[in-house]
Amino acid sequence: MNFEVARSKSAIIQAFPFSSEKKRGGVAIRRTDSEVHVHWKGTVEIVLAACTRYMDSNEQLVPLDEGMVGYFKKAIEDMARGSLRCVAIAYRPLTADTVPTYEEELTHWELPEVDLVLLELDQCEIGLNKLGVVRVNAEDTALAAQETFNLQTHKRIQ
């Protein structure tokens, strides 16, 4: 995947750097189709609890029922048994008319944190993603992961 091409097709309109209090970081991306995607990346238990749906391998949105929550929790436990951290990436699509358009409004806008769609659970080893348990919409997911990583790195460097 070419990140420069993916970036050129979108613009970051708001960012929430990783917070140890909230245990996640987020970014709102305006796509070329004018739709806005709010992506969250963070501690799997926190992000999973905010999800009401997941995207299956056919890129269909599916309600996140108790059975699937159990499936994902078992995958998380299996990763933990292997001494690996696990992070989750989720998103929420928004229509352009639900997002502030003026800079001043954007500075006070809080990224939606509920009714998310689970995109991916990742095992992490020394901060590097090793295995996607759930992976769909790779371009958006990878771009969001890179942007939240860049925000975290930038914050640590300052």
Side-chain angles (χ1 to χ4, degrees), residues 3 6 10-31 35-57 59-95 98-100 106-158:
F3 284 108
S10 61
I12 295 174
I13 59 172
Q14 180 68 291
F16 182 86
F18 183 84
S19 160
S20 56
E21 180 183 318
K22 289 195 172 201
K23 299 182 181 179
R24 64 184 172 267
V27 62
I29 300 170
R30 185 177 313 277
R31 299 160 42 102
E35 191 173 73
V36 173
H37 283 189
V38 175
H39 290 265
W40 288 100
K41 177 182 174 186
T43 305
V44 69
E45 294 83 3
I46 302 294
V47 175
L48 183 59
C51 293
T52 57
R53 298 171 288 170
Y54 70 98
M55 193 176 289
D56 69 11
S57 59
E59 297 192 17
Q60 300 298 308
L61 296 182
V62 180
L64 191 55
D65 61 20
E66 288 183 34
M68 283 309 293
V69 168
Y71 171 80
F72 291 132
K73 285 184 177 181
K74 181 176 180 332
I76 294 162
E77 290 169 5
D78 290 346
M79 291 180 215
R81 271 194 287 283
S83 299
L84 298 170
R85 281 187 315 148
C86 184
V87 297
I89 298 176
Y91 88 109
R92 180 173 168 183
L94 302 172
T95 56
T98 62
V99 179
L106 276 172
T107 60
H108 300 291
W109 182 52
E110 293 189 25
L111 299 179
E113 301 178 35
V114 296
D115 195 25
L116 303 179
V117 176
L118 180 66
L119 291 176
E120 183 169 322
L121 301 177
D122 271 340
Q123 287 185 23
C124 298
E125 186 174 25
I126 316 171
L128 300 175
N129 291 339
K130 295 293 184 185
L131 172 68
V133 174
V134 178
R135 178 177 293 271
V136 293
N137 199 337
E139 184 172 298
D140 262 6
T141 302
L143 183 60
Q146 183 186 30
E147 294 300 346
T148 55
F149 173 77
N150 288 344
L151 290 168
Q152 292 166 27
T153 304
H154 178 70
K155 188 175 180 184
R156 282 194 296 262
I157 292 171
Q158 289 182 333

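Predicted model, so just to flag it, every value in this text is computed and none were measured. The basis for the numbers below is simple: all heavy atoms, side chains too, and nothing from hydrogens, waters or symmetry mates.
The distance from atom CD1 of Ile89 to atom CG of Leu119, rounded to the nearest 0.5 Å, is 7.5 Å. Between Glu77 atom CD and Arg81 atom CZ the span is 6.0 Å, to the nearest 0.5 Å. Between the CZ atom of Arg30 and the CD1 atom of Ile12 there is a distance of 12.5 Å, given to the nearest 0.5 Å. Considering CZ of Arg24 and CD of Glu45, their distance stands at 12.5 Å, rounded to 0.5 Å.
For Lys22, the salt bridge (charged side-chain N to carboxylate O under 4.0 Å, His left out) criterion is met by Glu113, not counting sequence neighbours.
Listed here is the closest heavy atom pair of Met55 and Tyr91: CE-OH, 3.5 Å. Scanning both residues, Leu64 and Met68, for their nearest heavy atoms gives CD1-CB, 3.8 Å. Residues Leu121 and Cys86 approach most closely at CB-SG, 4.2 Å, considering heavy atoms. When all heavy atoms of Pro112 and Trp40 are compared, the pair lying nearest together is O-NE1, 2.7 Å. Across all their heavy atoms, Val47 and Lys41 have their closest contact at CG2-C, 4.4 Å.
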Residues Thr43, Val87; criterion side-chain contact (heavy atoms from CB on, under 4.5 Å); working and verdict: CA-CA 5 Å; Thr43 305; Val87 297; over 6 Å; no
Residue pair His37, Val27: steps toward the side-chain contact (heavy atoms from CB on, under 4.5 Å) verdict: CA-CA 8 Å; His37 283 189; Val27 62; over 6 Å; no
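For the pair Val99/Trp109, a side-chain contact is recorded, criterion being any heavy-atom separation below 4.5 Å from C-beta on. Residues Ile29 and His39 have side chains in contact (heavy-atom distance under 4.5 Å, counting atoms from C-beta outward).
At distances below 3.5 Å, at least one donor-acceptor pair connects side-chain atoms of Arg92 with backbone N or O atoms of Val114. Without hydrogens or angle criteria, Ser19 side chain to Glu21 main chain gives a donor-acceptor distance under 3.5 Å. Listed for the Gln14 side chain is a donor-acceptor partner under 3.5 Å among the backbone atoms of Leu106.
When Leu118, Leu61, Leu116 are each tested for a side-chain contact (heavy atoms from CB on, under 4.5 Å) with Arg53, only one passes: Leu61.
Between Phe72 and Tyr54, the ring planes lie perpendicular to each other; the angle is over 60°, past the 30° to 60° tilted range.
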